[in-house]
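Just so it is clear, the values below take in all heavy atoms, side chains as well, and ignore hydrogens, waters and symmetry mates.
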Amino acid sequence: MSRHAYDVLVIGGGHAGAEAAWAASRIGARTALITFQRDAIGRMSCNPAIGGIGKGQIVREVDALGGLMGLVADETGIQFRILNRRKGPAVWAPRCQSDREQYALAVQRRLASCPNLEIIEAAVESILAGPLSSERRALRIAGVELAGGRRLDASTVVVTSGTFLRGLMHTGERKTAGGRIGEAAAVGLSGSLAALGLKLGRLKTGTPPRLHRDSLDYAQLGVQPGDDPPVPFSFLNDRIAQPQVVCWTTFTNPAVHEIIRANLHRAPMYSGQIQSVGPRYCPSIEDKVVRFAEKTAHQIFLEPEGRDCERIYVNGISTSLPEDVQREIVARIEGLENARILQWGYAVEYDFVPPEQIDASLMTRRVAGLFLAGQINGTSGYEEAAGQGIVAGINAARFAANCDPVILRRDQAYIGVMIDDLVTRGLDEPYRMFTSRAEHRLHLRCDNADSRLTPLGREIGLVDDTRWNRFRVREARVAALVAHLRAESNCDSLARRVRRPDEDLDGLLASIPEPLVSANDRDTWARAIVEIRYDGYIQRQQRLIDRDRALEERIVPSGFNFSSIKGLRKEAAERWNRWRPRTVAQAGRIPGIHPTDVSLLLVSLVRSTGCVDA
């Protein structure tokens, strides 16, 4: 039993913090979530939407482990769509538009019911740590000090500060301290992290203006409905009961682009007011116009922020241009000529910790017991934050209990791909998940997240009896259905149609006779059909996974001196001594490493340890 008042302290109540607190407390760790405002927990700073390409897979994985995001998304979603449905199952991606206010309330309500969890409204001024005699880490967490001098003792601390670390918001020439409209920045925490020996960097993200729903000319807008029937995120839900809303589309035009070009000198990113780097894959409208000068139009999605909310999120024109320029831009867009702006777009700069300073458990390499999750690690997006949050919460609780960390592999989860990318490759811009980042993406489908991760969630202690029993029944039904379809030999049978990749999946499901559908639900049929249709590809990928796993299981001993490897390039030794790879496979993924470097490492490990798996 820890002598500290808390096993886990979570700093920040965003999507990473909510998942970390949920996971740690449900595992059994004595946990406190520290936030500026209790009623801001789970708040969606940008678009109130969950999922998308690459991101939807992460939400399914968080849910499969026993996390929070998928359940809340299902409860508060107002439009659901499966993206990329016309492509192969490896890139299918669930997404929903959420009710912004209801989403935050649902997160708060679920956290309030967590055992072992206390919520504290306060600002953290400093993180406390003491000396540690260790080959790998110089310090060990002791707790935190709050504004006003109160001290909280703890075994571990999870920092999930989002965009609040010395956050600075920009709209034109106007600058305002804060991590989100109407909310203060976290100032002292940056200095505390630096004092612990962590290097900090600076990144930027942005958000578009919000419009009043009654001021749009809907007759000029394209209509974008949701899927019918909507598909839930969470394995625990069979259907979405609430009615769906529609979204709308429009486009920018040459007149809009000309206004932007004429005012670039007033845009903080181009005037020199902002020096930090923004997300390449979610650029501002200023960036789009400059980088894609040949394009005469960019699509805009008009998405309600709630079922009964007056605010419309203008997805596609993120901007930090001055208010008068934003007003002129909006007025030149078809359907928005008379739109009333409720909130101006803005950019926000914030501190982050370059992620080569953490390991695959999300614990910092310098301070034992200090975990980082979310945008502090340089990622962007609610989903990336949630994926890191649940891993950090699990591992903080396990560290406090003297248990080994949970490390997700690249072939096991998109979350594992993301964390490995951060740890081994670092970043020079905000990181966003895409399916193209995963070399085993046919294995990491959104429909099999439960098969991949629910047994692990059960072992950890996050998956309760209800989910576990439901999972076992579903897996048995899928296995039985796959076996039945594979045994069928009639060339005119359903089994033959299942094997045809050109047969539309939705059409095939619709044609299944009712007695067969009643025996298994649509999701069971869809999963079985995918398993059979892509069996050859899946087996081929599994062989590659098995080959790669041999190197993943070859551990580099703690404190290994890479400079001692005979014949190794100086650059490779320097990179490995800096990044401290945990496995041979991870060593090979570090930028600038050659295959011959990895071969020399393997030979040296055999000679020095006699067993590279030790």
Side-chain angles (χ1 to χ4, degrees), residues 1-12 16-33 61-62 64-68 111 114-118 127 129 132 134 136-137 139-144 152-160 355 358-374 377 385-409 412-413 415-416 418-420 422-423 452-464 467-468 552-553 555 558 580 582-583 586:
M1 176 68 71
S2 167
R3 64 178 179 82
H4 293 113
Y6 298 98
D7 297 315
V8 180
L9 292 177
V10 179
I11 303 174
E19 295 291 349
W22 172 267
S25 63
R26 284 168 61 85
I27 287 173
R30 295 165 299 169
T31 307
L33 172 61
E61 291 173 353
V62 168
L65 286 168
L68 190 62
L111 289 179
C114 276
N116 311 308
L117 177 61
E118 180 183 356
I127 297 172
L132 176 67
S134 168
R136 302 190 64 182
R137 290 178 170 87
L139 300 168
R140 175 157 186 162
I141 281 296
V144 303
L152 301 178
D153 293 333
S155 302
T156 67
V157 169
V158 183
V159 183
T160 66
I358 57 175
D359 64 23
S361 73
L362 298 182
M363 185 161 64
T364 59
R365 298 180 187 275
R366 179 169 174 78
V367 185
L370 177 59
F371 293 80
L372 309 179
N377 288 332
Q388 293 171 73
I390 194 170
V391 170
I394 290 168
N395 284 330
R398 291 177 69 83
F399 182 85
N402 294 315
C403 296
D404 291 336
V406 170
I407 307 296
L408 295 178
R409 303 184 310 271
Q412 192 175 13
I415 299 173
M418 170 179 60
I419 293 174
D420 184 71
L422 295 173
V423 170
R452 292 184 277 118
L453 295 173
T454 295
L456 175 60
R458 180 68 172 181
E459 179 184 340
I460 293 166
L462 264 181
V463 170
D464 60 18
R467 181 185 291 268
W468 182 244
E552 291 288 359
E553 293 173 352
I555 305 299
S558 174
R580 307 305 311 175
R582 179 177 173 271
T583 68
Q586 192 179 72

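With hydrogens and angles disregarded, a donor-acceptor distance shorter than 3.5 Å links the side chain of R458 to the backbone of V463. Counting only distance, with no hydrogens or angles, the side chain of T160 and the backbone of I11 share a donor-acceptor pair below 3.5 Å. A distance-only check finds no donor-acceptor pair linking the side chain of S361 to the backbone of D359 [under 3.5 Å]. A distance-only check finds no donor-acceptor pair linking the side chain of R398 to the backbone of P405 [under 3.5 Å]. Put simply, the side chain of N395 never gets that close to the backbone of M363: no donor and acceptor are under 3.5 Å apart. Looking at W22, its side chain does come within 3.5 Å of a backbone N or O of G66 through a donor-acceptor pair.
Of the listed residues (L362, I358, V158), just one forms a side chain to side chain contact (heavy atoms under 4.5 Å, CB included) with Q388, and that residue is L362. Residue L65 is tested with T454, V406, L453 for a side chain to side chain contact (heavy atoms under 4.5 Å, CB included); the sole match is L453. Residue Y6 is tested with T156, L152, V144 for a side chain to side chain contact (heavy atoms under 4.5 Å, CB included); the sole match is L152.
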### Trace of the side-chain contact (heavy atoms from CB on, under 4.5 Å) decision for V423 with R365
CA-CA 11 Å; V423 170; R365 298 180 187 275; 3.3 Å; yes
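Heavy-atom minimum distance, S155 versus A400: CB-CB, 3.9 Å. Heavy-atom minimum distance, V367 versus T364: O-OG1, 2.8 Å. When all heavy atoms of A397 and A29 are compared, the pair lying nearest together is CB-CB, 3.7 Å. Minimum interatomic distance between A21 and L33 (heavy atoms only, all atoms of both residues): CB-CB, 4.3 Å. Residues A129 and L139 come closest through the heavy atom pair CB-CB, 4.1 Å. For the residue pair A360 and I419, the shortest heavy atom distance occurs at O-CG2, 3.6 Å.
How far CD1 of I390 is from CD1 of I460: 7.5 Å, rounded to the nearest 0.5 Å. Rounding to the nearest 0.5 Å places CD of Q586 at 11.5 Å from CZ of R580. How far CG of N116 is from CG of D7: 8.5 Å, rounded to the nearest 0.5 Å. For the atom pair I394 CD1 and L456 CG, the distance stands at 7.0 Å (nearest 0.5 Å). In this structure, S25 OG and L111 CG are separated by 7.5 Å, a value rounded to the nearest 0.5 Å.
With a 4.5 Å cut-off on side-chain heavy atoms, L68 and R26 do not count as touching. Side-chain contact check for R582 versus I555: some heavy-atom pair is nearer than 4.5 Å. Residues E61 and L408 fail the side-chain proximity criterion, which asks for heavy atoms closer than 4.5 Å.
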